[in-house]
Amino acid sequence: MGSLPNYLTYPFLAKASARLYKRDIATTIHAHIVKSGYESDLFISNSLIHMYGSCREITYARQVFDGMPIRNLVSWNSMLDGHAKCKDMDMAREVFDLMPNNDVVSWSSLIDGYVKSGDYKEALTIFERMRAFGPKANEVTMVSVLCACAHLGTLDNGRMMHQYMIDSGFPLTLVLQTSLVDMYAKCGAIQEASVVFHQVKMSQRDVFIWNAMIGGLAMHGFVNEALELFTEMQTVGITPDDITFLCLLSASAHGGLVKEAWYFFECLIKCSMTPKSEHYACMVDVLQRAGQVEEAYEFVCQMPSGANSFDVGCSAYWVYEPW
DNA sequence: TCTGATGTGC
């Protein structure tokens with residue numbers, strides 16, 4: 001009765017499966033494609049490589065890639081990104097060096113792979129090479145580059161990248177502005193982070209950029225300022241998420257602010273969210289640092305078993321056995 | 001009409 005899937009259907013299915021991160025669904029879709037005879041379609045094969053790469057099934061991705069009679073840049077880039085997602089940067093680099101040609105996506109995938117693998121210096125080295133010999137960077141490239149600067153804490157470098165973006169006439173999208181706020185905050189330049197944050201129109205700010213700013217303030221001990229922004233974001237209709245509370249709880253833990261921590265934990269519940277193990281870990285941390293060992297113990301006991309994890313376990317251990 | 005890279009917490 002229903003219509004059969006055609007060559008336009010499968011790329012969407014593969015993309016959905018890639019996002020779901022489910023290997024069994026991925027192989028099922030692949031089997032359907034083989035049965036329907038669409039395996040030789042370039043778009044469909046590319047979708048399969050991407051799907052397997054996203055599911056971290058790089059061996060299957062490679063099998064599809066090797067079986068293709070014709071490949072294009074998307075095939076190579078998907079293979080490259082698959083290795084990068086698996087944090088196998090040696091293989092990602094090999095693909096990059098082997099591919100017949102490359103574009104901004106190839107370079108961005110490589111740079112982001114190094115960032116996600118924690119090799120921030122190499123990410124910046126590749127970016128310099130890209131500036132010298134490669135295609136023009138775009139928003140996606142710069143997000144990864146700013147992330148590398150943030151983790152290295154090299155403020156001068158970060159400022160240079162910001163200037164480069166202005167000089168190159170990059171449109172400052174919300175994603176880029178969030179990366180800038182995060183970079184300045186992590187580099188300790190909370191004032192510059194604040195300037196970028198306030199340049200974004202109130203109506204355009206989403207939970208990501210609010211979190212970046214609140215987290216930046218909290219990280220540097222400006223808990224009152226973080227609290228003010230937390231109130232403000234709710235006033236303008238942005239609902240805090242679990243990351244927002246993690247920022248605030250972590251700041252309270254570092255500052256030894258027990259009352260504030262309880263307040264944020266209660267807010268979290270009031271926002272009808274379920275605290276995760278990380279939230280519990282922050283609470284245990286703040287209580288035991290304040291010397292409230294029994295309260296911390298009680299808190300751990302109340303914790304639903306679903307939230308139990310190594311994080312909380314470690315914190316709980318501190319409650320019993322301070323080294 | 002279909003395919004590839006990006007932002008907030010540890």
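Bear in mind the structure is a predicted one, so any value in this text is a computation, not a measurement. Letters A, B, ... are given to chains in the order of the sequence lines, protein chains preceding strands, and every chain is numbered from 1.
Protein atom CD1 of A:I44 is 16 Å distant from nucleotide atom P of B:dT1, rounded to whole Å. Between the CD atom of A:E39 and the P atom of B:dC2 there is a distance of 22 Å, rounded to whole Å. A straight line from CG of A:D285 to P of B:dC10 spans 12 Å, rounded to a whole angstrom. Residue A:M130 contributes atom CE, which lies 10 Å from atom C1' of B:dA5 at whole-angstrom precision. In this structure, A:I214 places its CD1 atom 10 Å from C1' of B:dT8, rounding to the nearest Å. Distance A:K116 NZ to B:dG7 C1': 9 Å, rounded to the nearest Å. At whole-Å resolution of the value, CD1 in A:I70 and P in B:dT3 are 19 Å apart. Put simply, CD1 on A:I29 is 15 Å from P on B:dT3, counting in whole angstrom units.
No engagement by A:N6 is indicated, since no non-hydrogen atom pair under 4.0 Å with the nucleic acid exists. Nucleic acid contact for A:L174: base, since at least one base atom lies under 4.0 Å from a heavy atom of the residue. Counting non-hydrogen atoms under 4.0 angstrom, A:L73 reaches a base of the nucleic acid. Contacts of A:S108 with the nucleic acid, taken as non-hydrogen atoms under 4.0 Å apart, include base atoms. Within the nucleic acid shown, A:F12 comes within 4.0 Å of sugar-phosphate atoms alone, with no base atom in reach, counting heavy atoms only.
Listed pair A:K15 / B:dC2 fails the phosphate criterion, with no side-chain N or O lying under 4.0 Å from OP1 or OP2. Between A:K186 and the phosphate of B:dG7, there is no side-chain N or O to OP1/OP2 separation shorter than 4.0 Å. Dashed line: the shortest gap from a side-chain N or O of A:H50 to OP1 or OP2 of B:dA5 is under 4.0 Å.
Ring geometry for A:Y52 against A:Y60 counts as tilted: the plane angle lies between 30° and 60°, on a 0 to 90° scale. By the 30° and 60° cut-offs, the orientation of the rings of A:Y164 relative to A:F127 is perpendicular.
Residues that satisfy the side chain to side chain donor-acceptor pair (under 3.5 Å) test with A:Y38, not counting sequence neighbours, are absent from this structure. Applying the salt bridge (Lys or Arg N to Asp or Glu O under 4.0 Å) rule to A:R62 yields the partners A:D66; only residues at least two apart in sequence or on another chain are considered. Among residues two or more places apart in sequence or in another chain, the side chain to side chain donor-acceptor pair (under 3.5 Å) test is passed with A:R56 by A:Y21. With sequence neighbours left out, A:D167 forms a side chain to side chain donor-acceptor pair (under 3.5 Å) with A:Q163.
Contact annotation: the side chain of A:W107 approaches that of A:R129 to within less than 4.5 Å [non-hydrogen atoms, C-beta and beyond].
If you check residues 241-269 of chain A against DNA chain B, the residues with a heavy atom closer than 4.0 Å are A:I243, A:L246, A:C247, A:S250, listed by number. A heavy atom closer than 4.0 Å to some atom of DNA chain B occurs in A:D206, these being the qualifying members of residues 187-207 of chain A.
Between the side chain of A:T178 and the base of B:dG7, at least one donor-acceptor pair of N or O atoms lies under 3.5 Å.
Going from atom CH2 of A:W262 over to atom CG of A:L257 covers 14.5 Å, rounded to the nearest 0.5 Å.
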